[in-house]
2 protein chains.
Amino acid sequence: MPIDEHLARTKRRDAALNSERLMQAAREVFARQGLSATLEDIAQHAGVGVGTVYRNFASKREIIETLYDAALDSVLADVQTALEIQDPWVAIVTFFEVTASNQAQDRGLCETFLGHDGFGPDERIAEELVAVVSPLFDRASEAGVLREGVTVTDIGPIFAMLDGVYRMSDARPDLWRRYLALILDGLRAGDRPALPVPALDVAAFKTALTAAD
Amino acid sequence: MPIDEHLARTKRRDAALNSERLMQAAREVFARQGLSATLEDIAQHAGVGVGTVYRNFASKREIIETLYDAALDSVLADVQTALEIQDPWVAIVTFFEVTASNQAQDRGLCETFLGHDGFGPDERIAEELVAVVSPLFDRASEAGVLREGVTVTDIGPIFAMLDGVYRMSDARPDLWRRYLALILDGLRAGDRPALPVPALDVAAFKTALTAAD
DNA sequence: CCTAAATGGAATGAGGCATTCCGCTTAGTG
DNA sequence: CACTAAGCGGAATGCCTCATTCCATTTAGG
């Protein structure tokens, strides 16, 4: 009973094109302006009217979820890539650089990760993030290349810090590299004093990443 | 012709009290909720009606300016205090700790400093900040305790980064100390690679601090 | 007690934005 | 080519959130 297939097959070609354009426009507009961009902005960027947006998506929220579910997966994949790097320290550095680079180019992605989207808590992100990144940190810890007391949950505040830098300098899109370098130097094992207060525990990490704004 | 004095003298005692309460309420509410707190919030916190707010201030903007002009001066004073510390490195550390501590307790203050208030650019802040903090950095530089390439303008991104941490953890009001320590370790002279990209120049620093959101 | 000062909080008005509606356009078919 | 339903644009709607204004009522202080 290929009813759906039949309907899909008869979708007009121009409609399909607009659908593509809209996805792309949403990606670009949310990346540049963040999730508070209006559907009007997106429609205009795609060269269509708002009505057309609603022919393709049920709501703004649906657009965002469609867009950033995929994005989340891609970040998780980046972590896997970093894990394949032999040197545990280089793997850590690579993980931060790749992820930060993605986020620097996509304000909507940042908001999704830091829970600054207008939606309720999404524990899934925090949960998966810890699960996937942990091995990276564990390995570095065991190899003795991580500073005493540094843990996975430090990635939350670190990405929050980098977010502050992205937003500060449209004119210098790579400024974050300077401060990430600073932070990474601080994370590396060496002859240093202990850090003054402990990192978040995993429960607090989840809360912190899902606290509404 | 003490006309004003006469009027002042005849101000009702309850009115004067409300005036005090309002100032205090505004301080507390803006500190906790940021500058987007409503006048309704403030009035309620002070135990008065909104009408009374307008008897004491012409507009929301006036309240904010009154409140944070004073706050700005006090920060500039903190810098002067740090300058009196003999050890150039300890002075730097103290400056960051005192200033960060103030900002951690006052979200409105952060927004003012980072230009996230809803008002136009206020170059004055950036200008004075550079002027006053420069000697602190110059002295540390000359003493050789600062990492190669670190400049005054690094304070902008650094405070932006710390802001990200404050907002992440209501439950851990001192978490910022951990990450400030990390950053300070990175700022200190030592056997390290050069930082990958240069700091903002002073012009870019002003732009960055006054860019609207 | 009297009265001008002060007050509370409902009402106003502006602005922003997601979502809906509907008359017009046009792709695709026979 | 003509026809028709899928698609479309974008004006209209409805909902919010807030700063600011207004005025009937209360109250300090002489």
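The chains referred to below are lettered A, B, ... by the order of the sequence lines, with proteins before strands, and numbering in each begins at 1.
Distances shorter than 4.0 Å separate some side-chain N or O of Thr52(A) from OP1 or OP2 on dG9(D). The phosphate of dC8(D) has OP1 or OP2 within less than 4.0 Å of a side-chain N or O from Asn18(A).
Mapping Ser19(A) and Arg61(B) onto DNA chain D by nearest heavy atom places Ser19(A) at the nucleotide closer to the 5' end. With the nearest nucleotide of DNA chain C identified for both Arg55(A) and Gly49(B), Gly49(B) has the one nearer the 5' end.
Rounded to a whole Å, the CG atom of Leu39(B) is 19 Å from the P atom of dA11(C). Rounded to whole Å, atom C1' of dC18(D) lies 12 Å from atom CD1 of Ile42(B). As a whole-Å value, the separation of Asn56(B) CG from dT20(D) C1' is 15 Å. For the pair Lys60(A) NZ and dG16(C) C1', the computed distance is 11 Å after rounding to whole Å.
Distance from the side chain of Val50(A) is smallest to dG10(D) among dG10(D), dG29(D), dT20(D). The listed nucleotides are dA6(D), dG29(D), dT20(D); the one nearest the side chain of Tyr54(B) is dT20(D).
Contact annotation for Gly118(B): no contact, since no heavy-atom pair falls under 4.0 Å across all strands.
Interatomic distance, Leu72(B) CG to Leu76(B) CG, rounded to the nearest 0.5 Å: 4.5 Å. Taken to the nearest 0.5 Å, the CD1 atom of Ile183(B) stands 10.0 Å off from the OH atom of Tyr179(A).
Remark: side-chain polar atoms of Thr112(A) are paired, donor with acceptor, to backbone N or O of Gly108(A) under 3.5 angstrom.
For dA28(D), the base has no donor-acceptor partner in the side chain of Arg13(B) [N/O atoms by modelled type, under 3.5 angstrom].
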Requested in this report: Go through Arg32(B) and Glu28(B) one step at a time and tell me if the salt bridge (Lys or Arg N to Asp or Glu O under 4.0 Å) criterion holds.
Outcome: CA-CA 6 Å; Arg32(B) 185 177 324 285; Glu28(B) 289 173 13; 5.5 Å; no

